[in-house]
Amino acid sequence: MSASAPRRPAHAGGWAPWRAPSPLDGRRPNPADLAHAAAAGLGRDDVLPYPTDEESADRVRLLMVGINPSPWTVAVNAPFARPGNRFWPSLATAGLTDEVVDASRGLSPSDERMLATRGIGMTNLVARPTARADELSKDELRAGGRRLLERVRVLRPHAVAVVGITAFRIAFAMPRARVGRQDTDGLSQWPRDIPLWVVPNSSGLNAHETVDSLAEWWREVWAASAPSSGRSSPLQRHGGPG
């Protein structure tokens with residue numbers, strides 16, 4: 001779909017939450033739940049306006065890309081769910097959400113509606129859960145980078161932000177990349193009208209960042225993702241939640 005392509009019509013019947021709820025029925029995972037999630041090796045549902053990339057195409061303002069899910073995230077089927085991760089507090093501080101989302105027990109339908117309305121999408125480079133991102137292989141990250149490129153060409157978000165510079169460098173073979181907006185000239189087939197950013201890892205293991213410093217990055221990225229002429233606006237312009 002080109003930047004000048006006509007906007008697609010809204011889904012018949014409007015929008016409704018589609019992601020699977022937490023299998024733990026609203027409670028936090030215990031050690032047995034975490035062990036089961038890690039052993040199963042399964043990922044989590046993406047956060048997108050609609051279930052498929054094709055249905056969500058041109059309806060995402062900002063696609064946020066994590067490295068891979070933690071066992072906690074898989075256990076409750078919610079992104080950045082582990083307590084101590086500063087992702088959700090930094091979004092609230094930056095004003096991307098009205099309040100801090102408590103994803104530790106899963107995302108509620110109202111959380112999903114809010115994210116869809118604002119045009120916020122979330123996925124991961126790699127689906128396999130690990131306790132630490134450095135447990136992933138270079139091959140996994142590189143395959144994830146190729147897959148993200150393919151998906152971005154379908155989804156056509158207004159901007160993409162990868163959370164974590166080390167994984168980004170490996171996934172996209174850019175060993176000298178730094179946090180901030182990336183020069184995509186060296187990324188073959190990356191859509192030139194879609195800005196690509198890297199923001200610092202929000203994990204509590206990253207001692208170099210705070211909620212406030214992460215929020216500053218999100219404010220900058222959010223401003224860069226503002227709809228421009230020739231690009232569609234967020235979901236509510238397609239008849240979704242307003």
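- If you take CD on Glu216 and OG on Ser90, they are separated by 11.0 Å, rounding to the nearest 0.5 Å.
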- Message: Go through it in stages, so that I can follow the logic: the residues are Leu48 and Trp18, the test is side-chain contact (heavy atoms from CB on, under 4.5 Å), and I'd like the CA-CA distance, side-chain angles, deciding distance and then a yes or no.
- Response: CA-CA 9 Å; Leu48 291 172; Trp18 60 268; 4.2 Å; yes
- Could you walk me through whether Met64 and Phe87 pass the side-chain contact (heavy atoms from CB on, under 4.5 Å) check? CA-CA 11 Å; Met64 302 172 175; Phe87 177 81; 3.5 Å; yes
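- In this structure, Asn77 contributes its side chain and Ala20 its backbone to a donor-acceptor pair below 3.5 Å.
- Asp134 CG: more than 12 foreign heavy atoms inside a 6.0 Å radius.
- Applying the salt bridge (charged side-chain N to carboxylate O under 4.0 Å, His left out) rule to pairs touching residues 90-100 yields Asp98-Arg118, sequence neighbours excluded.
- Applying the under-4.5 Å side-chain rule to Ile, Leu, Val, Met, Phe, Trp and Tyr, the cluster around Leu24 extends to Leu34, Trp72, Val76.
- A 6.0 Å sphere centred on CZ of Arg178 holds no more than 12 heavy atoms belonging to other residues, nucleotides or ligands.
- Remark: side-chain polar atoms of Trp15 are paired, donor with acceptor, to backbone N or O of Pro49 under 3.5 angstrom.
- The backbone N or O of Pro79 sits nowhere less than 3.5 Å from a side-chain atom of Thr73 that would complete a donor-acceptor pair.
- Among pairs with a residue in residues 34-47, those fulfilling salt bridge (charged side-chain N to carboxylate O under 4.0 Å, His left out) read Asp46-Arg151, at least two apart in sequence or across chains.
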- Does the pair Thr52 and Glu55 meet the rule for a side chain to side chain donor-acceptor pair (under 3.5 Å), with working shown? CA-CA 5 Å; Thr52 69; Glu55 291 170 307; 2.9 Å; yes
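- A salt bridge is absent between Arg86 and Glu209: the closest approach of a Lys/Arg side-chain nitrogen to an acidic carboxylate oxygen does not fall below 4.0 angstrom.
- The closest donor-acceptor contact from the side chain of Arg192 to the backbone of Thr184 lies under 3.5 Å.
- A continuous path of hydrophobic side-chain contacts links Leu187 to Val160 [ILVMFWY only; heavy atoms under 4.5 Å].
- Heavy atoms only, all atoms of each residue included: Asn201 and Val163 are closest at CA-CG1, 4.0 Å.
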- Message: Does Trp197 form a side-chain contact (heavy atoms from CB on, under 4.5 Å) with Gln182? I'd like the steps, not just the answer.
- Response: CA-CA 6 Å; Trp197 290 73; Gln182 304 299 305; 6.0 Å; no
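- Distance alone, capped at 3.5 Å, places no donor-acceptor pair between the Asp53 side chain and the Leu155 backbone.
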- For Arg132 and Glu135, run salt bridge (charged side-chain N to carboxylate O under 4.0 Å, His left out): C-alpha distance rounded to whole Å, both residues' side-chain angles, the deciding distance at 0.1 Å, then the answer. CA-CA 6 Å; Arg132 296 173 58 101; Glu135 297 176 46; 5.5 Å; no
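- In summary, Asp193 and Arg156 engage in a salt bridge, as defined by a charged side-chain N under 4.0 Å from a carboxylate O.
- In this model, a donor atom of one side chain and an acceptor atom of the other lie less than 3.5 Å apart for Arg61 and Ser225.
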- Message: Please evaluate residues Thr93 and Asp212 with respect to the criterion side-chain contact (heavy atoms from CB on, under 4.5 Å), reporting the C-alpha separation (whole Å), side-chain torsions for both, the decisive distance (0.1 Å), and the verdict.
- Response: CA-CA 7 Å; Thr93 300; Asp212 288 336; 3.7 Å; yes
